[in-house]
Amino acid sequence: MSNRRAFLRFLAASPLLAGYPAAELFAQDGLLAKAGDGLDVFDFEAMAKRLLPPAHWGFLSTGVDGDVTLKANSAAYSRYQLRTRRFVDVSRIDMTTQLFGESFNSPIVLSPLSSQGAFYPEGEVASARAAKGRGHLQILSTQSTRSIEDVNQARGKPVWYQLYTTDSFAVTTKLLQRAEGAGCPVVAITVDLPAGRNTVTQGRFQKLDTRDCVTCHGPGGPSGNGNVVATKPMFTGIETKGVRMQSASLTWDFIKRVRDVTKMKIMVKGLESGEDAALAVDNGADGIVVSNHGGRATESGRATIESLPEVVQAVAGRIPVLVDGGVRRGTDVFKALALGASAVCIGRPYVWGLASFGEQGVDRVLEILSTELRLAMAGCGTRAISEIKAAALIDTRMR
Ligand SMILES: Cc1cc2nc3c(=O)[nH]c(=O)nc-3n(C[C@H](O)[C@H](O)[C@H](O)COP(=O)(O)O)c2cc1C
């Protein structure tokens with residue numbers, strides 16, 4: 001099975017693939033012959049599932065407990081319908097999005113997603129090239145498998161940096177200094193995993209994988225007894241013995257502590273309530289990402305798109321509010337923008353593209369979502385991101 005995967009991956013990377021019979025071979029296998037053949041993001045999900053080893057697929061696809069929140073994230077988008085508008089001149093659609101004075105070609109942002117080398121050898125660097133090609137913002141995980149400097153070089157300008165707080169402020173300070181030194185203008189502090197999580201689906205897939213993780217990961221790897229943290233480039237040169245990624249004891253004063261050691265803008269990633277949004281503003285946060293870690297944190301059963309309105313209301317325009325979780329269509333992006341998001345992040349979909357075709361797969365996923373968003377904007381008579389308002393939506397639960 002793993003030889004077959006390696007062979008298919010080899011074919012996927014081959015320029016010869018454009019023609020018969022390779023394409024036919026892939027079609028027989030239910031796979032895409034080239035990235036351009038993907039018609040929606042689910043084509044890449046199916047392909048990634050076929051190509052990845054079970055343990056890696058399990059890591060990518062898992063939620064927590066019964067995956068209820070994971071499923072709710074995408075299902076909840078169907079609660080909202082679009083109200084189309086006609087006879088508006090939509091011959092020019094402008095998706096330009098401003099965040100902290102920086103201009104991006106699109107409101108679609110690449111979420112920080114760890115360990116991308118587990119999905120494609122070039123990992124985060126391939127994602128960065130695709131983000132650069134289409135002018136998207138990319139947020140890089142603390143757990144990136146490629147160094148922040150290499151990723152920034154591939155993207156042509158610095159990413160935003162996602163911080164796991166760790167339980168050692170000395171280590172945290174070094175991470176922040178390195179990200180700032182690499183030119184990152186913004187740090188997003190992830191706060192939704194204070195006390196670990198229960199990734200049942202991941203555990204099930206892991207059991208199907210007969211390989212010994214230590215062979216590739218070394219003793220620090222998933223099933224090893226070593227220091228997982230130390231295997232990630234962000235921690236090169238940092239003493240990490242006994243250091244954990246999160247701390248269960250942190251409180252809101254953590255934002256000020258971060259503020260004292262960095263000039264980067266500070267976002268808080270992983271808020272879902274109006275109360276916390278107000279506290280974030282009060283405690284000096286520059287932005288919020290409404291997120292439940294893609295259904296991988298608390299099994300709340302609540303979709304992020306349903307949390308977004310109360311956060312937007314509490315923030316009242318004082319700082320930007322981004323959202324992620326379950327975004328699978330351009331229409332989902334449109335709905336999140338209409339509910340007040342300043343930008344919308346995607347996680348698994350771009351990594352399905354990455355696992356399938358590397359940079360080209362990410363590029364195609366971004367192209368598909370952008371095309372879908374463009375059509376939604378045109379259909380609703382909204383020519384610019386700023387024209388997408390709540391009036392463009394119907395909340396079917398409120399009827
Ligand atoms: C495999 C995987 C790894 C992730 N790693 C991180 C991470 O290192 N830091 C973080 O803040 N969020 C991480 N996330 C959460 C994403 O940033 C994002 O919140 C989530 O993927 C959005 O949901 P979606 O995958 O449904 O689009 C991860 C998500 C997945 C699926």
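Atoms within a ligand are numbered from 1 in the order they appear, just like the ligands themselves.
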Can you find a heavy atom in the side chain of Pro107 that is under 4.5 Å from one in the side chain of Leu337?
yes
Per-residue contact class, His56 against ligand 1 - non-hydrogen pairs under 4.0 Å
neither
min-distance protein heavy atom vs atom 24 (P) of ligand 1 -> Arg348 NH1, 3.5 Å
Ranking Arg328, Gln116, His293 by closest non-hydrogen atom to atom 26 (O) of ligand 1, top hit is Arg328
Can Glu149 and Arg178 be counted as an ion pair, charged N to O under 4.0 angstrom?
yes
Got more than 12 heavy atoms from elsewhere within 6.0 Å of CZ, Arg318?
yes
Under the criterion side chain to side chain contact (heavy atoms under 4.5 Å, CB included), I'd like the reasoning laid out for Ile266 against Met264: C-alpha separation, chi angles, the key distance, then a yes or no.
CA-CA 6 Å; Ile266 300 173; Met264 289 185 283; 5.7 Å; no
Nearest-contact summary for atom 8 (O) of ligand 1 - protein heavy atom, Å:
Ser141 OG, 2.6 Å
Pairs of nitrogen or oxygen atoms closer than 3.5 Å, one from Arg296 and one from ligand 1: do any exist?
no
Using distance alone, determine whether Phe59 and ligand 1 share an N or O pair under 3.5 Å.
no
Identify the protein heavy atom lying closest to atom 9 (N) of ligand 1, giving its residue, its atom name and the separation to 0.1 Å.
Tyr164 OH, 3.0 Å
For Gln143 and ligand 1, does the shortest N/O to N/O distance drop below 3.5 Å?
no
Output the list of atoms in ligand 1 that are nearer than 4.0 Å to some heavy atom of Ser291, sorted by atom number.
19 (O)
Could a heavy atom of Leu113 be found less than 4.0 Å from some atom of ligand 1?
yes
Of all protein heavy atoms, the one nearest atom 12 (N) of ligand 1 is Lys269 NZ, 3.0 Å
Run the salt-bridge test on Arg383 and Glu387 with the 4.0 Å N-O cut-off and return the result as yes or no.
yes
Any carboxylate oxygen within less than 4.0 angstrom of a Lys/Arg side-chain nitrogen, looking at Glu367 and Arg134?
yes
Logged contact type for Gln162 with ligand 1, heavy-atom cut-off 4.0 Å, is side chain
Quick one: are Pro349 and Val327 in side-chain contact, heavy atoms under 4.5 Å?
no
Applying a 4.0 Å heavy-atom criterion (strictly less than), which segment of Ser114 is in contact with ligand 1: side chain, backbone, both, or neither?
both
Look at Asp286 together with Arg259 and state whether they make a salt bridge at an N to O cut-off of under 4.0 Å.
yes
Looking only at N/O atoms, are Phe119 and ligand 1 under 3.5 Å apart anywhere?
no
At what distance is the nearest protein heavy atom to atom 11 (O) of ligand 1, and which residue and atom is it?
Thr190 OG1, 2.7 Å
Cation-aromatic face contact Arg146/Tyr120, 6.0 Å, 45 degrees
no
Quick one: does Leu60 get within less than 4.0 Å of ligand 1, heavy atoms only?
yes
Between ligand 1 and Gly347, is the shortest N or O to N or O distance under 3.5 Å?
yes
Among all the protein's non-hydrogen atoms, which is closest to atom 16 (C) of ligand 1, and how far away is it?
Pro112 O, 3.4 Å
Residue among Thr304, Asp324, Thr190 satisfying side-chain hydrogen bond (donor to acceptor under 3.5 Å, both in side chains) with Ser291
Asp324
Please report which non-hydrogen protein atom sits nearest to atom 18 (C) of ligand 1, along with the residue it belongs to and the distance in Å to one decimal place.
Asp324 OD2, 3.2 Å
Is the CD atom of Gln153 crowded by more than 12 outside heavy atoms at less than 6.0 Å?
no
Gln313, CD atom: more than 12 neighbouring heavy atoms under 6.0 Å
no
Can you name the atoms of ligand 1, numbered from 1 with element, that are less than 4.0 Å from a heavy atom of Gly325?
22 (C), 23 (O), 26 (O)
